[in-house]
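Start at 1 and go down the list; that is how both ligands and their atoms are numbered.
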Amino acid sequence: MTTIRKALVIGAGIGGLTTAAGLLRQGIDCEVFEARPTPGRLLTGGGFMLWHNAFLALRRIGLDEAVAADAVRMRFHEFRSDSGWRLARWRLDGPTARAGAPACALRRSTLHTVLTEAVGEHRIHLSRRFTGHTEDADGVTAHFEDGSTARGDVLIGADGLRSTVRTTMRNGFEPPPRYAGYTAWQAITQLPGESLVPTGTFFNLWGKGGLRFLYCRLNEHEVYWDAITSDRAGGRIDTLRLPRGAALAAAYRDWPDPIRRIISSTDEQAILPVPIHDRPPTGGWSKGRAVLVGDAAHPMTLNLSQGAGQAIESGVVLADMLGRCEPGAVPATLRAFESARRARAADMVTTSWRIGTLGLAHNGPLCRLRDVMMFTFFDSVARNQSYSLMLDDRLERTPLRIAEPLGHEAG
Ligand SMILES: Cc1cc2nc3c(=O)[nH]c(=O)nc-3n(C[C@H](O)[C@H](O)[C@H](O)COP(=O)(O)OP(=O)(O)OC[C@H]3O[C@@H](n4cnc5c(N)ncnc54)[C@H](O)[C@@H]3O)c2cc1C
């Protein structure tokens with residue numbers, strides 16, 4: 001039985017809402033404070049991938065089925081060159097059976113809606129920008145820009161990459177995040193037609209000039225895509241003279257279909273460029289009664305499609321541990337949470353960063369070498385490494401366990 005009665009969660013993104021849903025399941029009351037006046041991009045924004053480990057974590061708070069119900073199950077993860085050469089094709093059925101959980105593509109809004117319903121809209125306070133906190137022997141007080149305050153036993157900073165809670169914990173100084181050297185232009189477009197983009201395959205294309213392109217079908221009508229452009233290709237993305245869609249169409253003009261069709265079918269307003277950042281793994285996720293989860297603690301580049309997955313895992317583990325917090329042990333419990341999660345999250349951050357550097361290859365011969373390397377290793381070594389990282393259930397790293405014992409052959 002926990003001694004925590006109330007938690008204050010800063011940020012209503014995936015990390016904050018997952019933590020809040022987990023806390024409520026543990027019988028801990030919580031309030032979520034979000035700076036935005038509306039849920040914003042989360043409800044209108046793009047799609048993404050949730051891998052098996054994210055669904056295993058969601059299962060621990062009873063939400064995996066609700067999320068999967070509105071998602072597309074992925075059966076293949078396919079890698080291609082910009083000339084259309086198939087470099088590798090991972091079958092996902094085997095790992096799905098082994099893990100006892102799917103890998104899915106979905107709209108961000110699907111996950112957000114399920115999490116919001118689990119937490120309850122009345123517990124999510126919009127337009128409440130956190131500015132700082134004070135702490136005493138009995139609890140913690142959060143301060144907001146509008147002059148209001150809130151009081152709880154623990155403060156959970158789920159306020160993303162540029163977390164104010166993180167900076168506050170470090171007495172007002174935190175170095176800026178690390179820029180990866182590339183931007184992801186993400187969008188959803190209306191593009192019916194199985195022949196162009198088949199359901200159930202996550203396509204991952206690697207090209208020359210520091211260009212990449214990811215896409216997958218979200219449902220009968222919609223396709224989600226990410227054009228990843230390195231700064232070295234900056235001159236080719238001419239947004240000074242051209243609208244975003246036209247600038248991308250020019251950069252990808254030599255790529256095979258459906259890339260050109262996907263770009264040309266997309267509304268200009270739907271294309272959202274996101275410069276990609278992370279932070280080199282560091283400790284210091286907690287201080288006294290304050291703790292960080294999600295991108296606030298372990299932001300990572302998008303290359304493993306694991307940022308949200310790790311935010312979900314951290315939220316579930318934190319809620320679980322706070323649900324067993326002994327009297328007077330809030331700081332110790334928060335430190336134990338960091339010990340349980342830090343190595344796994346750090347592995348994800350580091351691996352994701354390394355994959356991203358592969359995408360920066362610019363000139364033809366180097367890209368050709370990368371293609372050959374991917375063709376040789378991606379169906380074996382890279383897949384095995386990726387899965388052992390994703391489905392790592394070593395207890396010293398995380399209390400999350402794989403639902404089913406490993407028994408099947410690799411897919
Ligand atoms: C292009 C791209 C593609 C991606 N694809 C994938 C993918 O396929 N799979 C995957 O798992 N991950 C993916 N990710 C990563 C994933 O989106 C993030 O890791 C995840 O959204 C982090 O969630 P979070 O709740 O920790 O942070 P955020 O989503 O950033 O949420 C933080 C919230 O806190 C609020 N906030 C900030 N400051 C304050 C304040 N002072 N007071 C109150 N509220 C505040 C913000 O408004 C925001 O709502 C991708 C990321 C990018 C950029």
### Message
Counting only heavy atoms not in R370 (residues, nucleotides, ligands), do more than 12 fall under 6.0 Å from its CZ?
### Response
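Yes, CZ of R370 has more than 12 neighbouring heavy atoms, counting only those of other groups under 6.0 Å.
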### Query
Above 12 or not: heavy atoms from other molecules or residues under 6.0 Å from CD of E194?
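More than 12 heavy atoms, drawn from other residues, nucleotides or ligands, come within 6.0 Å of this atom.
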### Task
With side chain to side chain donor-acceptor pair (under 3.5 Å) as the test, would you mind laying out the steps for R324 and Q26 before giving the verdict?
CA-CA 9 Å; R324 291 181 275 118; Q26 297 288 335; over 6 Å; no
Between [X] and ligand 1, is there a nitrogen or oxygen pair with a distance under 3.5 Å?
X	value
Y224	no
V274	no
I14	yes
G309	yes
A35	yes
Q186	no
L302	no
A184	no
G294	no
E34	yes

### Basic-acidic side-chain contact under 4.0 Å: R128, E31
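Result for this pair is no, no salt bridge flagged.
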### Message
Strictly below 4.0 Å, N to O, side chains only: are D153 and K6 in salt-bridge contact?
### Response
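Salt bridge: no.
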### Query
Between the side chains of S352 and T301, is a donor N or O closer than 3.5 angstrom to an acceptor N or O?
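Present: a donor and an acceptor within the cut-off.
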### Query
Does a side chain donor of either T141 or T149 reach within less than 3.5 Å of an acceptor in the other side chain?
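Absent: no donor and acceptor within the cut-off.
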Would you mind finding which of [options] brings a heavy atom closest to [atom]?
atom	options	value
atom 14 (N) of ligand 1	H125, M300, R108	R108
atom 5 (N) of ligand 1	F48, F202, F33	F48
atom 37 (C) of ligand 1	N303, D159, I228	D159

Residue [X] vicinity, atoms of ligand 1 by number, heavy atom under 4.0 Å:
X	answer
Q306	10 (C), 11 (O)
I10	42 (N), 43 (C)
R129	41 (N), 42 (N)
T164	41 (N)
G160	27 (O), 30 (O), 32 (C)
G15	24 (P), 25 (O)
A158	32 (C), 33 (C), 34 (O)

### Query
Looking at F213, Y252, F48, F203, which hits ring pair (Phe, Tyr, Trp, His ring centres under 6.0 Å) with W225?
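Going through F213, Y252, F48, F203 one by one, the ring pair (Phe, Tyr, Trp, His ring centres under 6.0 Å) with W225 is satisfied by F213 alone.
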### Message
Using a 3.5 Å distance criterion without hydrogens, assess whether the side chain of D379 forms a donor-acceptor pair with backbone atoms of R89.
### Response
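Between the backbone of R89 and the side chain of D379 there is a qualifying donor-acceptor contact (under 3.5 Å).
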### Query
Does the side chain of K287 come within less than 4.5 Å of R170's, by heavy atoms?
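They are not in side-chain contact.
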### Message
For the residue pair R107 and Y224, would you count it as a cation-pi contact if the rule is NZ or CZ under 6.0 angstrom from the ring centre and within 45 degrees of the ring axis?
### Response
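Because its charged atom misses either the 6.0 Å distance or the 45° angle limit, R107 does not stack over Y224.
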### Message
Once rounded to the nearest 0.5 Å, what's the spacing between atom OG of S305 and atom CD1 of I355?
### Response
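If I round to the nearest 0.5 Å, the distance is 9.0 Å.
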### Query
For the salt bridge (charged side-chain N to carboxylate O under 4.0 Å, His left out) test, which of R5, R123, R151 pairs with D29?
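Testing D29 for a salt bridge (charged side-chain N to carboxylate O under 4.0 Å, His left out) against R5, R123, R151 leaves exactly one candidate, R123.
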### Message
Heavy atoms only, cut-off 4.0 Å: how does R128 contact ligand 1, side chain, backbone, both, or neither?
### Response
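The answer is the backbone of R128.
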